[in-house]
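Read through the structure below, which is laid out as structure tokens, and then see the notes.
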Amino acid sequence: RMDLSNVVARHEATIKSSFQILDELAADSSDWKLYTEKDGTTVHKKHLNGSPVVGVRGERIIDAPPKKIYDLVVKLDHIRKWDPMFLDGTVEEIDADHDLVHCSYNLNTPLISNREFIYLENRRAKSDGTIQIVCFSIDDEEVQRDHLHGCVRGQIVASGFHIEPQGDDKSKSRVVYLVQADPKGYLPKWLVNLVCGDEPMCLNRIADLLKEPSEKEED
């Protein structure tokens, strides 16, 4: 493996702007189009940055503090519990706040190949207790990995979690989950947008998992 120590520095501007965009999109959904609402999660859609691939935004209150939610969503061995499309992945730690992630997904659509993504995951904690995660694909030669068998390599334009404490005791959290991903390949954009539209419903699975004693007791 190549040295990844300079990757974060080269993408510093994109990391900074991604967190700024996450702040803005987490704060207000008034100019987004309502897509669906179910079991406490509201999903909106919006075309971002002129891309034909739609951005989707899910939001709900989860009965758990930010750290519990963060631990569940950031660890690869937990993702398959709440995201039915996730297949497998590897993580290469760059430093305490940044990882290089290579993972694969099943689009759950007949005759459609699995997808893989290579992306930089960036995390930060804010002074009010909010935890944020932003991810985006990178193409640097030194981080390229061999294609996974049978997979088409897609692009994460932007993805992230905004996990904000709620209540006087901060025992609950307002969670916003943003996804804008292009699976690439020969898929019509209407199909891409349809498949991606349901991804934020993972928030309901996360909320259900955190109701289970085994997840609540886990550090």
Side-chain angles (χ1 to χ4, degrees), residues 1-8 10-11 14-15 18 21-22 43 45 47-49 51-58 70-95 97-123 132-161 177-203 205-206:
R1 294 299 189 202
M2 300 291 290
D3 180 16
L4 300 175
S5 59
N6 293 323
V7 172
V8 173
R10 280 199 305 278
H11 292 277
T14 303
I15 294 170
S18 295
I21 292 170
L22 180 61
V43 180
K45 287 186 173 185
H47 284 281
L48 303 170
N49 305 319
S51 172
V53 179
V54 74
V56 288
R57 179 190 189 279
Y70 169 83
D71 286 342
L72 186 60
V73 303
V74 81
K75 296 177 181 177
L76 284 191
D77 56 345
H78 290 336
I79 292 178
R80 59 175 50 89
K81 298 178 184 178
W82 55 266
D83 189 342
M85 293 196 294
F86 179 79
L87 293 174
D88 202 2
T90 59
V91 176
E92 295 176 66
E93 181 178 335
I94 299 174
D95 59 37
D97 298 320
H98 307 89
D99 292 330
L100 179 70
V101 183
H102 187 184
C103 58
S104 57
Y105 287 81
N106 180 348
L107 297 185
N108 293 326
T109 304
L111 305 179
I112 300 298
S113 299
N114 294 336
R115 261 47 184 180
E116 64 172 336
F117 301 90
I118 298 177
Y119 60 89
L120 189 63
E121 180 177 283
N122 314 276
R123 303 172 295 272
Q132 294 180 320
I133 306 165
V134 294
C135 306
F136 52 84
S137 291
I138 53 177
D139 297 320
D140 294 305
E141 289 184 4
E142 72 270 27
V143 303
Q144 288 304 294
R145 301 295 182 254
D146 293 337
H147 280 258
L148 300 176
H149 179 70
C151 288
V152 173
R153 185 165 293 172
Q155 178 191 15
I156 295 177
V157 182
S159 178
F161 280 92
Y177 180 26
L178 296 164
V179 182
Q180 187 183 19
D182 186 349
K184 299 295 186 178
Y186 298 102
L187 296 181
K189 289 299 181 280
W190 66 264
L191 178 58
V192 172
N193 293 336
L194 180 64
V195 171
C196 293
D198 291 328
E199 176 68 9
M201 280 300 166
C202 290
L203 291 178
R205 299 184 189 95
I206 292 169

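Nothing here was measured: the structure is a model prediction, and the numbers come from that model. All values below were derived from every heavy atom in this structure, side-chain atoms included, with hydrogens, water molecules and symmetry-related copies excluded.
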Check whether any side-chain heavy atom of Val7 sits under 4.5 Å from a side-chain heavy atom of Ile138, and report yes or no. yes
With the side chain counted from C-beta on, respond yes when Asp97 and Asn122 share a heavy-atom pair under 4.5 Å apart, and no when they do not. no
Shortest non-hydrogen contact from Val56 toward Pro200: CG2-CG, 3.8 Å
Between Ser104 and Leu148, the two heavy atoms sitting closest are CB-CD1, 3.8 Å
Taking the side chain as every heavy atom from C-beta outward, state whether Leu22 and Leu178 have any atom pair closer than 4.5 Å. yes
With sequence neighbours excluded, residues passing ring pair (Phe, Tyr, Trp, His ring centres under 6.0 Å) with Tyr70: none
Report yes if the side chains of Phe161 and Val74 come closer than 4.5 Å at any heavy-atom pair, otherwise no. no
Stepwise side chain to side chain contact (heavy atoms under 4.5 Å, CB included) check, Asp88 with Arg80: CA-CA 8 Å; Asp88 202 2; Arg80 59 175 50 89; 3.8 Å; yes
To the closest 0.5 Å, what do you measure between CD1 (Ile21) and OG1 (Thr14)? 9.5 Å
Side chain to side chain contact (heavy atoms under 4.5 Å, CB included) involving Val101 - partner list, sequence neighbours excluded: Leu76, Val91, Asp99, Cys103, Tyr119, Glu121
Please identify each residue that fulfils side chain to side chain contact (heavy atoms under 4.5 Å, CB included) with Asp83, with sequence neighbours left out. Ile79, Met85, Phe86, Tyr105, Glu199, Cys202
Any Val73 side-chain heavy atom under 4.5 Å of Trp82 side chain: yes
Taking salt bridge (charged side-chain N to carboxylate O under 4.0 Å, His left out) as the test, write out the residues that go with Arg205, two or more places apart. none
Roughly how far, to the nearest 0.5 Å, is the CG atom of Asn114 from the CG atom of Asn106? 5.0 Å
Flag the pair Arg57 / Val43 as yes when at least one side-chain heavy-atom distance between them is below 4.5 Å, and no otherwise. no
Given Val8 and Ile15, is the side chain to side chain contact (heavy atoms under 4.5 Å, CB included) satisfied, shown in steps? CA-CA 8 Å; Val8 173; Ile15 294 170; 4.0 Å; yes
Atom pair CD (Glu92) and CG (Leu120), whose distance is rounded to the nearest 0.5 Å: 11.5 Å
Checking Arg123 against His98 for the side chain to side chain contact (heavy atoms under 4.5 Å, CB included) test, could you report, in this order, the C-alpha distance in whole Å, the side-chain angles of both residues, the deciding distance, and whether it holds? CA-CA 7 Å; Arg123 303 172 295 272; His98 307 89; 5.6 Å; no
Are the side chains of Gln180 and Val54 in contact, using a 4.5 Å heavy-atom criterion? no
Are Tyr177 and Ser159 side-chain neighbours, meaning at least one heavy-atom pair lies under 4.5 Å? yes
Set of residues satisfying side chain to side chain contact (heavy atoms under 4.5 Å, CB included) with respect to Asp77, sequence neighbours excluded: Lys75
Listing request: all salt bridge (Lys or Arg N to Asp or Glu O under 4.0 Å) pairs with a residue in residues 147-159, at least two apart in sequence or in separate chains. Glu116-Arg153
Is the backbone of Ile156 close enough, under 3.5 Å, to the side chain of Ser137 for a donor and an acceptor to pair up by distance? yes
